[in-house]
Amino acid sequence: EAGVAQSPRYKIIEKRQSVAFWCNPISGHATLYWYQQILGQGPKLLIQFQNNGVVDDSQLPKDRFSAERLKGVDSTLKIQPAKLEDSAVYLCASSLDFQGSTEAFFGQGTRLTVV
Amino acid sequence: AQKVTQAQTEISVVEKEDVTLDCVYETRDTTYYLFWYKQPPSGELVFLIRRNSFDEQNEISGRYSWNFQKSTSSFNFTITASQVVDSAVYFCALSEARRGAQKLVFGQGTRLTINP
């Protein structure tokens, strides 16, 4: 079974530029998550989708971050404009559903460096 | 608010030693789930175990074992006879459910290095 696919693996941009990340979840998984992992910290949830609807985006900095999940499958996360503190690994995860008992499967992440 | 604390930032042991990773959590929920994930250098988080708040039985899977104690709000992870391949960052996480949404709250992680 294919895992969660993310691209690109690495990205370096200058501050104030924009960037987009792509995620393809495991086939059949209704729930998709984007997490931000700053170096030396645990992942922090940015946004959660159930199919193509947003369930939780309470920790998403909406003035600069946006995300969409068209047709309830692939998802993109965009940052515009980027700040230095956005340097982190952005992890996409998916699960069969949103129940607390369901484990999430993670992609390898996109490492973003803002200079 | 939910919180997960992994007080050990880094642990380094020699191969074949046993090692325990500590995890303490805070929650006001009566129903919750606890997880352990492993993050190897490749970056992805690999699921290791899930435990629900009503099941305090310890679990053993090969060289891995988990000790869940609600009385002390702890969910510790022990690797017996450690191997170099166990080197990774390990995260403990707590799942809360709000308005039908599952949210994993992670600890800071423990970097485990197994030396040959």
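A note on names: the letters A, B, ... follow the listed sequences, proteins ahead of strands, and every chain is numbered from 1.
- Only the side chain of Tyr37(B) comes within contact range of chain A, judged by heavy atoms closer than 4.5 Å.
- Counting heavy-atom pairs under 4.5 Å between each of Gln6(A), Gln59(A), Lys44(A) and chain B puts Gln59(A) at the top.
- Hydrophobic clustering, with ILVMFWY side chains joined whenever heavy atoms are under 4.5 angstrom apart, keeps Leu60(A) apart from Leu91(A).
- Tyr35(A) has its ring centre less than 6.0 Å from the ring centre of Phe106(B).
- Placement of Tyr33(A) and Ile79(A) in two distinct hydrophobic clusters is found when ILVMFWY residues are connected by side-chain heavy-atom separations under 4.5 Å, directly or transitively.
- At a threshold of 4.5 Å between side-chain heavy atoms, the hydrophobic network of Ile, Leu, Val, Met, Phe, Trp and Tyr places Phe68(B) and Tyr64(B) in one connected group.
- For Ser42(B) against Arg9(A), the heavy-atom pair with the smallest separation is O-NH2, 3.3 Å.
- Separating the CZ atom in Phe91(B) from the CD atom in Gln37(A) is a distance of 4.5 Å, to the nearest 0.5 Å.
- Hydrophobic clustering places Leu45(B) together with Phe47(B) (ILVMFWY residues linked when any side-chain heavy atoms are closer than 4.5 Å, directly or through intermediates).
- Counted within 6.0 Å of NZ on Lys38(B), heavy atoms from surrounding residues, nucleotides or ligands total more than 12; the atom is thus considered enclosed.
- At a threshold of 4.5 Å between side-chain heavy atoms, the hydrophobic network of Ile, Leu, Val, Met, Phe, Trp and Tyr places Phe106(A) and Tyr90(B) in two separate groups.
- When heavy atoms are compared at a cutoff of 4.5 Å, Gln39(B) approaches chain A solely by way of its side chain, counted from C-beta outward.
- Atom-to-atom distance recorded for Glu103(A):CD and Leu104(B):CG is 10.5 Å, nearest 0.5 angstrom.
- Neither the backbone nor the side chain of Arg111(A) comes within contact range of chain B, judged by heavy atoms closer than 4.5 Å.
- Listed options Gly40(A), Gly109(A), Pro43(A) were ranked by heavy-atom pairs under 4.5 angstrom with chain B; first place goes to Pro43(A).
- There is no contact between Ala93(A) and chain B, counting heavy-atom distances below 4.5 Å.
- The 12-atom threshold is not exceeded at NZ of Lys71(A), counting heavy atoms of other residues, nucleotides or ligands nearer than 6.0 Å.
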